[in-house]
2 protein chains.
Amino acid sequence: MRFATRHNGTPDGELLVMSQDGRRGLPAGPRWPTLLAALTQWPLFLEEARALANSLAEGQGEAIDAASLLAPLPRSWQWLDGSAFPNHGDLMQTAFNLPPIETDKPLMYQGLSHQFLSAVADVPFPTEDDYIDFEGEFAIVTDDVPMGCPADQAMGHIKLVLLLNDWSLRAVAPAEMKTGFGWIQAKPACSIAPFALTPDELGDGWRDGRVCLPLRVEVNGAWFGHPNGAAMAYGFHELIAHAARTRSLCAGTIIGSGTVSNSDYASVGSTCIAERRAIEMIADGKPSTGFLRFGDRVRMLANDDEALFGVIDQTVCAASV
Amino acid sequence: MRFATRHNGTPDGELLVMSQDGRRGLPAGPRWPTLLAALTQWPLFLEEARALANSLAEGQGEAIDAASLLAPLPRSWQWLDGSAFPNHGDLMQTAFNLPPIETDKPLMYQGLSHQFLSAVADVPFPTEDDYIDFEGEFAIVTDDVPMGCPADQAMGHIKLVLLLNDWSLRAVAPAEMKTGFGWIQAKPACSIAPFALTPDELGDGWRDGRVCLPLRVEVNGAWFGHPNGAAMAYGFHELIAHAARTRSLCAGTIIGSGTVSNSDYASVGSTCIAERRAIEMIADGKPSTGFLRFGDRVRMLANDDEALFGVIDQTVCAASV
């Protein structure tokens, strides 16, 4: 099944069950006003939502304007972002002559979760001088996960799959990383593609706790990359187990893959500017691709299928401060 | 005014207005069911809550059992923890021969905010081998803060002051810090003292965006330290401005001071074991104070006044996993 959240003036919006083509929807109803609430009683909700999905499959439902949709979770209690593609880290370390990050565990930080931008909202930043960048990621949403949940049991806690843009400010990120405290200013609000999918919607594209599909990025209408999500060093179930070692996770926890990156980057490109610049530095001694400017447009979709997660298509703009 | 949250079977509990002595309370009523909701309309709420506070001052209200209270915010959308006491960083660097953290900005990480433990709840950890420690902190709660809010305007967004224990796992923390991603496993859920105070409740104890009061810590009934919150290198208004440079902050954002630490530690002690061990290492070449064991009890209060924020008094236990 696939779900979306429609703007209705409330912070969490109105939960919709969506048709396969992403064009029609039906409100989940007063008992399930929001996706965040539905995630706390997921089996019960799914049971009831299936009737709506069947109606949609029979051609019922109302036409849904993509512009009326918010992020599937316009806010949530927890956003934990991994960095699970080793190729990305390798390229950054080579380009900047950094020591390798010594760890035998997944890399993960906790980020801003009180606001996820819709797939069509303009994205405000204080200044271009912060070096505005994107990161194309897949992500999952959990229900309640108990502390100490092992990876094999964690698989069952993956309730939804998302496509997400983790906006990043590259002039700020290295200095924050050096403190060891992770990122605050370098990681403003992320954007999420309109449709949240149950993993079975991906068919063969969901394997080993990974979204085994290409994530296509375009900047100002030009191809930027389409690496595949299969190359994660850890599956999402392992990222859950890592996060849950000393904490329980609440329903609605979103866990990200980190920027999708493949070792055949020469042909598949990248899902962030920083990585393309690293590739340029390694090849040419200096980067040639600039960071984003106000007015630039970033488009993301998975598997070249506009109906799957829907499309992220946003313009970067100056914050009105 | 002072506020508390009573267990009522819901995740956010029931908001209470409390008497000055912290023994009596009145429900804020159906219009203001939770503190998180009240923070979104704070001026309106305060106006209505004042009538209840006046009734309490006249001796009305019901006796409140401290054991029925949750954390004032049992969960919130954002928890940003600073490390604003330079003395703490200096001691850790000297003891462990670490390079100084090079930054001209406040240190801050984003931590777990979907669960704040009550002041009396047992605190579960997977293993003593993680080196269980506490951090006594003051913290503030904001209303909605726009992106780019400068420090002088940030002062007006400080709506409540808290006393908080930032539980920390010292066997895990250095390795996570070295990745640059901040802490996930090393920072499980924090605990918050029962009463959330408007800053005016502190009188002269609230100056320059700082809680200028001693924070007393006892472990298994023995004094551990009572350093003063005045020694922050940055006031809370400056921490807000730092956090809000590239993001808006939502109502209910909690910002922490970091473990309270003073340069006259020889007489005032520390608010975490890691710092006491650092002092021992510098003085004696090796630490002599051990980390917490299951069954150990940690007590915290401010200004030796049990009625101010109330008292955190918790026992560390094994997680049932």
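Below, chain A is the first sequence line, B the second, and so on; all start at residue 1. Because the structure is predicted, anything quoted here is derived from the model rather than measured.
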* Name the member of A:T127, A:L112, A:D130, A:T179 that forms the most heavy-atom pairs with chain B at distances under 4.5 Å. => A:L112
* Using a heavy-atom distance cut-off of less than 4.5 Å, which residues of residues 93-105 of chain A contact chain B? -> A:I101, A:T103, A:K105
* To do: Could you look at B:L80 and say if it's the side chain, the backbone, both or neither that has a heavy atom under 4.5 Å from chain A?
  => side chain
* Just give me the residue among A:M177, A:Q185, A:M108 that pairs up with chain B most often, heavy atom to heavy atom, under 4.5 Å. => A:Q185
* Short side-chain to backbone donor-acceptor contact, A:R245 and B:I184, under 3.5 Å -> no
* **B:L249 and A:Q115, any side-chain heavy atoms less than 4.5 Å apart** => no
* Asked: Side chain, backbone, both or neither: which part of A:S248 has a non-hydrogen atom closer than 4.5 Å to chain B?
  -> both
* Side chain, backbone, both or neither of A:L169 within contact of chain B (heavy atoms, under 4.5 Å) -> side chain
* Structure fact -> Whatever's closer than 4.5 Å to a heavy atom in chain B on A:Q78 counts as side chain
* Does the ring center of A:W183 lie less than 6.0 Å from the ring center of B:F181? -> yes
* Asked: Picking from A:G180, A:G182, A:S76, A:S83, which has the most non-hydrogen pairs under 4.5 angstrom with chain B?
  -> A:G180
* When heavy-atom pairs shorter than 4.5 Å are enumerated against chain B, which of A:C250, A:G252, A:P11 gives the highest number? -> A:C250
* Asked: chain B: which of A:K187, A:K178, A:R75 shares the most heavy-atom pairs with it under 4.5 Å?
  -> A:R75
* Search all heavy atoms of B:P126 against all heavy atoms of A:M147 and return the closest pair with its distance. => CD-SD, 3.9 Å
* Asked: In this structure, are over 12 heavy atoms from other groups packed under 6.0 Å from B:Y131 atom OH?
  -> no
